S.K.: 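Right, I'll just put the structure down here and ask away after.
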Amino acid sequence: GQRSVYTAGGHNDPLIILDGMIFYGELSEINPDDIAQIDVLKDASAAAVYGAKSANGVLIISTKKGQKGKPKINLTSNLGIVTMGANRSVFDPESYMQYRQDWYTAPTYGINSATGNYEAYRSSFANQRGYYDQPTEANLAKYGVTLDQWRGYTGSSNGSANDQEIWAKRLLLQGTALTNFLSGNFFDWYNQSFQTGINQDYNLSASGASDNINYYMSFGYLSNQGVARGNNYSAIRSNMKVEGKITKWLDLGANINFQHRTDGDLAVDWGTQIIRNAPFASYKDANGNLLVHPMGDNMVNNYGYNYDFDRQYRDLDKGYTIFYSILTSKGILPFDVTYSFNFSPRHQFFHDRYWESAAHPDWKATNGLVNREQTQRFDWSLNNTINWDYSFAKAHRVSVTLVQEAEKRQSWMDRVEARNILPSDALGYHETYYGDKNRSSYDANDVKETADGMLARLFYSYDDRYMLTTSVRRDGYSAFGT
């Protein structure tokens, strides 16, 4: 659940360290099949190393490497079925009519002055007892009313209607819903809103290692369907990781990652479809055409909702394409000093293209709606680390670590919301130029952040039994003081 008002904005998210570098993407960008180990740091141990960014803890993720020996090729496939964990009971035709009867009868309740009981048809309709009740002899006998008396409540307005029609009209059942009730036709909107989802996950990897080189490459495809119709997610992920020993004193490495994933879908609004549609609402007409108003065009304040009809007039293409890499080098300097340099650029492209057609009977007000947004984001971070280990007098060991870090995050967003697209919106979200400039909107937003940090740490141990660690860290951020 949401722990605080900051949760939705990601302010409670832990800092992710991927193969030694700060990772500003989402966990979904990392293929679980590529993960070798996850460690958790918290409290002072995290702050000492990663500064204020680690206030919510640190997840240290290490990805797989090749192993010495014969090259390994690994293929994994997973197939799963997603079903409802629990089904909510909804009204069948009889229960739905009872619900309407109870709804309209409720305001008539009052105190029976003779008995002191709280009864129906006391505060209103006192002279028309049983007005909303289903016209059976057993029901009307409770009020001492005959069928003829019950019919007489609405007199000549009944026309040639039979008792069931009179009752349904008193419960304000109209149009298509009334017609289907009288003919005994009904539709299961609950089952129409849900599906049995199929989840697929396929991963292929190749890895190996020798004395001078280590490599790991993988490709993964993920496709998930939810239980609500139209709820879909897919992702393609690939990784190439190579580490090589160039000389006795220099190692180089590269970790290249790619992901393309969907983000958002046009799933059914199942709550609306179940609540607004009576069992007597029609899914299709007599000719097999989907109906825009399942409850009928004359139903008071509620035309119903047909997801499959609306879906014909909507389209969405929304997702991310991400390139992320970690470039590393490690060298051995004189006096047993080691120096490492890590550089991690990340390029993210986000697109959101949405269209509602002017051809939909209920969307004439916008006369064509297109929203297009694209955001480009570029992040980079670098790390320079110098480490010196020295042991003396057999029992003493000293280690000194100096770290310098820098990072930059920048994004560029453009959004167009086009309305009243003339002469036609037949091109969907592929065209916004012909939108009415007075009814359309345009926006752009650019963001830039920079930060740097320095760390000095001294470690001392005596006889591998007594240890002391001290550290000093200083961080800077571009937004400080603004």
Side-chain angles (χ1 to χ4, degrees), residues 2 4-13 23-29 53 230-235 258-269 272 310-324 345-360 362-381 407-451 477-482:
Q2 183 160 315
S4 74
V5 295
Y6 291 102
T7 300
H11 302 285
N12 287 336
D13 293 345
F23 178 68
Y24 289 108
E26 299 182 12
L27 275 175
S28 66
E29 296 173 27
K53 294 188 292 292
N231 179 212
N232 304 309
Y233 172 83
S234 64
F258 166 81
Q259 184 195 58
H260 179 78
R261 72 174 189 268
T262 60
D263 185 76
D265 52 38
L266 294 177
V268 59
D269 184 350
T272 298
D310 289 357
R311 185 64 183 85
Q312 302 173 107
Y313 300 92
R314 304 167 68 202
D315 200 6
L316 175 70
D317 179 14
K318 185 178 181 181
Y320 289 88
T321 302
I322 299 162
F323 298 90
Y324 174 70
R346 179 177 179 272
H347 221 142
Q348 173 182 292
F349 300 90
F350 169 74
H351 66 274
D352 181 2
R353 309 177 186 114
Y354 177 68
W355 168 68
E356 288 183 358
S357 172
H360 191 291
D362 291 344
W363 298 342
K364 298 295 185 181
T366 56
N367 196 35
L369 179 154
V370 174
N371 295 335
R372 286 182 65 100
E373 178 181 328
Q374 56 185 24
T375 301
Q376 178 182 342
R377 176 176 163 182
F378 180 60
D379 307 331
W380 61 260
S381 61
E407 60 186 77
K408 183 177 181 179
R409 290 180 297 218
Q410 195 165 6
S411 64
W412 304 263
M413 185 276 285
D414 296 287
R415 183 174 179 84
V416 176
E417 297 184 356
R419 304 292 185 269
N420 193 28
I421 302 171
L422 298 173
S424 169
D425 67 344
L427 293 177
Y429 56 61
H430 301 290
E431 179 60 74
T432 61
Y433 178 80
Y434 296 102
D436 186 337
K437 304 303 185 288
N438 294 318
R439 297 179 58 184
S440 303
S441 63
Y442 312 88
D443 186 29
N445 185 41
D446 298 342
V447 178
K448 182 172 72 172
E449 305 169 75
T450 59
Y477 177 51
S478 60
F480 289 163
T482 61

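Not measured: the values here are computed from a predicted model.
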S.K.: Do side-chain atoms of K437 reach the backbone of G435 as a donor and acceptor pair under 3.5 angstrom?
M.R.: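 Pair found, side chain donor or acceptor close to backbone of G435.
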S.K.: Check each of W412, W380, F378, Y320 against H347 using the ring-ring contact (aromatic ring centres under 6.0 Å, His included) test, and report the only one that passes.
M.R.: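 Answer to the ring-ring contact (aromatic ring centres under 6.0 Å, His included) test with H347 among W412, W380, F378, Y320: F378.
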S.K.: Does the side chain of M413 reach to within under 4.5 Å of the side chain of D443, using non-hydrogen atoms?
M.R.: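 Yes - at least one pair of side-chain heavy atoms lies under 4.5 Å apart.
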S.K.: Find the distance between NZ (K318) and CZ (R353) and round it off to the nearest 0.5 Å.
M.R.: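 One gets 12.5 Å once the value is rounded to the nearest 0.5 Å.
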S.K.: What's the spacing between S357 OG and R314 CZ if we round to 0.5 Å?
M.R.: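 Result: 12.0 Å between the selected atoms.
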S.K.: Is there a donor-acceptor contact under 3.5 Å from the side chain of Q259 to the main chain of S28?
M.R.: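 Checking the backbone N and O of S28 against the side chain of Q259, a donor-acceptor pair under 3.5 Å is found.
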S.K.: With a 4.5 Å heavy-atom cut-off, do L266 and R311 have their side chains touching?
M.R.: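 Yes - at least one pair of side-chain heavy atoms lies under 4.5 Å apart.
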S.K.: Around Q374, counting heavy atoms of other residues, nucleotides and ligands shown, do more than 12 lie under 6.0 Å from its CD?
M.R.: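 No - once you tally the heavy atoms of other residues, nucleotides and ligands closer than 6.0 Å, there are 12 at most.
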S.K.: Do you know which two heavy atoms are closest between Y233 and T262, and how far apart they sit?
M.R.: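 Result for this residue pair: CE1-O, 3.3 Å.
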S.K.: Can you name the one residue among R377, R409, K408 that meets salt bridge (charged side-chain N to carboxylate O under 4.0 Å, His left out) with E449?
M.R.: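 That would be R409; it is the only one of R377, R409, K408 passing the salt bridge (charged side-chain N to carboxylate O under 4.0 Å, His left out) with E449.
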S.K.: List for me each residue that meets ring pair (Phe, Tyr, Trp, His ring centres under 6.0 Å) alongside Y24, sequence neighbours excluded, and say none if there are none.
M.R.: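 In terms of ring pair (Phe, Tyr, Trp, His ring centres under 6.0 Å), with neighbours along the sequence ignored, Y24 is linked to no residue.
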S.K.: Report yes if the side chains of H351 and D317 come closer than 4.5 Å at any heavy-atom pair, otherwise no.
M.R.: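 The answer is yes; the side chains approach within 4.5 Å.
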S.K.: Would you call the rings of W363 and Y313 parallel, tilted or perpendicular if under 30° counts as parallel and over 60° as perpendicular?
M.R.: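 It falls in the perpendicular class, over 60°.
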S.K.: Would you confirm whether the ring centroid of Y324 sits within less than 6.0 angstrom of the ring centroid of F23?
M.R.: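 Ring-ring flag for F23/Y324: true, centres closer than 6.0 Å.
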S.K.: How long is the span from the CG atom in D269 to the OG1 atom in T272, to the nearest 0.5 Å?
M.R.: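 D269 CG to T272 OG1: 3.0 Å, rounded to 0.5 Å.
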S.K.: Less than 4.5 Å apart, any side-chain heavy atom of D352 and any of R372?
M.R.: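 No, every pair of side-chain atoms sits at 4.5 Å or beyond.
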S.K.: What are the two closest heavy atoms between Y477 and A451, and how far apart are they?
M.R.: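 What the structure gives for the nearest pair is CD1-CB, 4.1 Å.
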S.K.: Above 12 or not: heavy atoms from other molecules or residues under 6.0 Å from OH of Y434?
M.R.: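 No, not enclosed.
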S.K.: Minimum heavy-atom separation for Q348 to I322, with atom names?
M.R.: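 That closest heavy-atom pairing would be CG-CG1, 3.9 Å.
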S.K.: Would N232 and D265 satisfy side chain to side chain donor-acceptor pair (under 3.5 Å), going step by step from the backbone distance to the final call?
M.R.: CA-CA 6 Å; N232 304 309; D265 52 38; over 6 Å; no
S.K.: Under 3.5 Å, is there a donor-acceptor pair linking the side chains of Y354 and E356?
M.R.: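 Yes, side-chain donor-acceptor contact under 3.5 Å.
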S.K.: Which side-chain N or O atoms in residues 415-429 pair as donor and acceptor under 3.5 Å with protein atoms at least two apart or in another chain?
M.R.:
from	atom 1	to	atom 2	distance (Å)
R415	NE	E417	OE2	2.9
R415	NH1	E373	OE1	2.9
R415	NH2	E417	OE2	3.3
E417	OE1	S441	OG	3.4
R419	NH1	N371	OD1	3.1
R419	NH2	N371	OD1	3.3
N420	OD1	N367	ND2	2.7
N420	ND2	D436	OD2	3.2
S424	OG	A426	N	3.0
D425	OD2	W355	NE1	3.1
D425	OD2	A358	N	2.8

S.K.: Between R346 and E29, is there a side-chain N and carboxylate O pair less than 4.0 Å apart?
M.R.: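 Yes, this pair counts.
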S.K.: Looking at CG of D263 and CD of E26, how far apart are the two atoms once the value is rounded to the nearest 0.5 Å?
M.R.: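 Between D263 CG and E26 CD, I get 7.5 Å after rounding to 0.5 Å.
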